[in-house]
Chemist: 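Supplied in structure tokens, the structure appears directly below.
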Amino acid sequence: YFIEQDQFDGQTAIIHGDDARHITKVMRGKNGDKLIVSDGVSREAMVQITHIEASQVQAEVVEWLPMDHEPRVSVSIAQSLPKGDKMELVIQKCTEIGAVGFIPFLSERTIVQYDAKKEGKRLERWRKIAKEAAEQSHRNRIPAVYESRSWKELLASFDSYDLVCYCYEKEDGLQLRDVIKPLAAGLSADESASVLVVVGPEGGFTTGEVQAAETAGARSVGLGKRILRAETAGMVALTCILYETDE
Ligand code: SAH
């Protein structure tokens, strides 16, 4: 369970809300049961329940655990907003695989209409999915889900990554491996790097967008000879990057 930093001092962890209900109602937890809690930042431990109520569970540290389940290359996925609930699939699966962040964006051929009124609720749901998937797959950190941004805003953020790749289905272009292999080879054992993977909408990127991405310093990468669905491309790129760089 992920809990807030201020609910987890050197010895005692306090679990509230949905997680407490999950422990009491679903897991039928009782005093003495062991759980794993993490503050998602720097502390993770095996704890033992000492007090239990429907809305709050208190537990004491039994053993500190190493936080070594995160990949050394931090991959964020920028995804042109896909139709329906496809973004949920992207967040859930890429969290399991090891992404550290998600940036939904709007591009020229994005099909869904952006609705500012729905953004708050949607973001809340996406963050919940990221948290649950992170717990499920024993991540040490919950990936961040950012507010939707425009293509222009996305381009402006490229500078904050060591490498930006945009997935582009051009058969004669550079493949992802051609860009990742040199990155992996250049990293010594204790070095890390940040990579942003940019995935286009169902209808693909326009040539104008491709040019703008190049100008902003991104590398065009292919993911093989087959055309993938928009929601599949990020999972594939992420898997390949971690395969090449994860020790
Ligand atoms: N333009 C295409 C399909 C776009 S697929 C068409 O309409 O036929 C949606 C997105 O997935 C693309 O913008 C791209 O970012 C990514 N993508 C899908 N297949 C890919 C591949 N083989 N290589 C790289 N990127 C791919």
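All of these numbers come straight from a predicted model, not from anything done at the bench. As the structure lists them, so they are numbered: ligands from 1, and atoms in each ligand from 1. Computed from heavy atoms alone, side chains included, the values below leave out hydrogens, waters and symmetry copies.
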Chemist: Using a strict 4.0 Å threshold on nitrogen-to-oxygen distance, state whether Glu88 and Arg125 make a salt bridge.
Modeler: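 Yes, charged N to carboxylate O under 4.0 Å.
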Chemist: If only side-chain N and O atoms count, and only distance matters, is there a donor-acceptor pair under 3.5 Å linking Ser80 with Thr110?
Modeler: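 Yes, Ser80 and Thr110 have a side-chain donor paired with an acceptor closer than 3.5 Å.
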Chemist: Considering all protein heavy atoms, does one lie under 4.0 Å from atom 15 (O) of ligand 1?
Modeler: yes
Chemist: Hey, is Glu124 close enough to Arg127 for a salt bridge, meaning N to O under 4.0 Å?
Modeler: no
Chemist: Under 4.0 Å, heavy-atom basis, I'd like to know which part of Cys167 is in contact with ligand 1: side chain, backbone, both or neither.
Modeler: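 Both the backbone and the side chain of Cys167 come within reach of ligand 1.
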Chemist: Considering heavy atoms of the protein only, find what lies nearest to atom 8 (O) of ligand 1 and give residue, atom and distance to 0.1 Å.
Modeler: Ile227 CG2, 4.6 Å
Chemist: For atom 11 (O) of ligand 1, what is the nearest protein heavy atom, given as residue, atom name and distance?
Modeler: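 Of the protein heavy atoms, Ala233 CB, 3.7 Å lies nearest.
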Chemist: Would you check, one step at a time, whether the test side chain to side chain contact (heavy atoms under 4.5 Å, CB included) holds for Ser148 with Leu81?
Modeler: CA-CA 8 Å; Ser148 303; Leu81 268 174; 4.0 Å; yes
Chemist: Using a 4.0 Å heavy-atom cut-off, say whether Tyr168 meets ligand 1 through its side chain, its backbone, both or neither.
Modeler: backbone
Chemist: Quick one: look up the protein heavy atom nearest atom 23 (N) of ligand 1 and list residue, atom name and how far away it is.
Modeler: Leu223 N, 2.9 Å
Chemist: Show the atoms of ligand 1 that are less than 4.0 angstrom away from any heavy atom in Val221.
Modeler: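 Taking each heavy atom of Val221 in turn, ligand 1 has 24 (C) under 4.0 Å.
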Chemist: Looking at every non-hydrogen atom in both residues, tell me the closest pair between Thr95 and Ala130 and how far apart they are.
Modeler: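 So the minimum-distance heavy-atom pair works out to CG2-O, 3.7 Å.
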Chemist: So does Arg139 pair up with Glu70, basic N to acidic O under 4.0 Å?
Modeler: yes
Chemist: Evaluate the ring planes of Phe105 and Trp151, with Trp represented by its six-membered ring, and classify them as parallel (under 30°), tilted (30 to 60°) or perpendicular (over 60°).
Modeler: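 If you compare the ring of Phe105 with that of Trp151, the planes turn out tilted.
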Chemist: Can you name the nearest heavy-atom pair linking Gly10 to Trp64, along with the distance?
Modeler: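 Where Gly10 meets Trp64 most closely, the heavy atoms are O-CZ2, 3.1 Å.
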Chemist: Relative to ligand 1, is Thr232 under 4.0 angstrom through side chain, backbone, both or neither, heavy atoms considered?
Modeler: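 It is neither; nothing of Thr232 touches ligand 1.
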Chemist: Counting from 1, what ligand 1 atoms have a heavy atom of Gly204 closer than 4.0 Å?
Modeler: 1 (N), 4 (C), 13 (O)
Chemist: Among all protein non-hydrogen atoms, which one is nearest to atom 9 (C) of ligand 1, and what is the separation to 0.1 Å?
Modeler: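 For this ligand atom, the closest protein heavy atom is Pro201 O, 3.1 Å.
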Chemist: Between Asp19 and Lys131 (salt bridge meaning N to carboxylate O under 4.0 Å), is one present in this structure?
Modeler: yes
Chemist: Considering only the protein, which heavy-atom contact is closest to atom 18 (C) of ligand 1, and what is its distance?
Modeler: Leu228 O, 3.2 Å
Chemist: Which protein heavy atom lies closest to atom 13 (O) of ligand 1, and at what distance to 0.1 Å?
Modeler: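 Answer, as residue, atom name and distance: Gly200 CA, 3.2 Å.
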Chemist: I need the atoms of ligand 1 closer than 4.0 Å to a non-hydrogen atom of Gly222, numbered in the order shown.
Modeler: 23 (N), 24 (C)
Chemist: Which option out of Arg226, Lys170, Glu202, Glu169 puts a heavy atom nearest to atom 22 (N) of ligand 1?
Modeler: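 The option holding the nearest heavy atom is Arg226.
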Chemist: Would you mind running through ligand 1 and noting each atom that sits below 4.0 Å from a heavy atom of Gly224?
Modeler: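 Going through ligand 1 atom by atom, the ones under 4.0 Å from Gly224 are 22 (N).
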Chemist: Hey, what do you get for SG (Cys94) to CD (Gln79), rounding to the nearest 0.5 Å?
Modeler: 7.5 Å
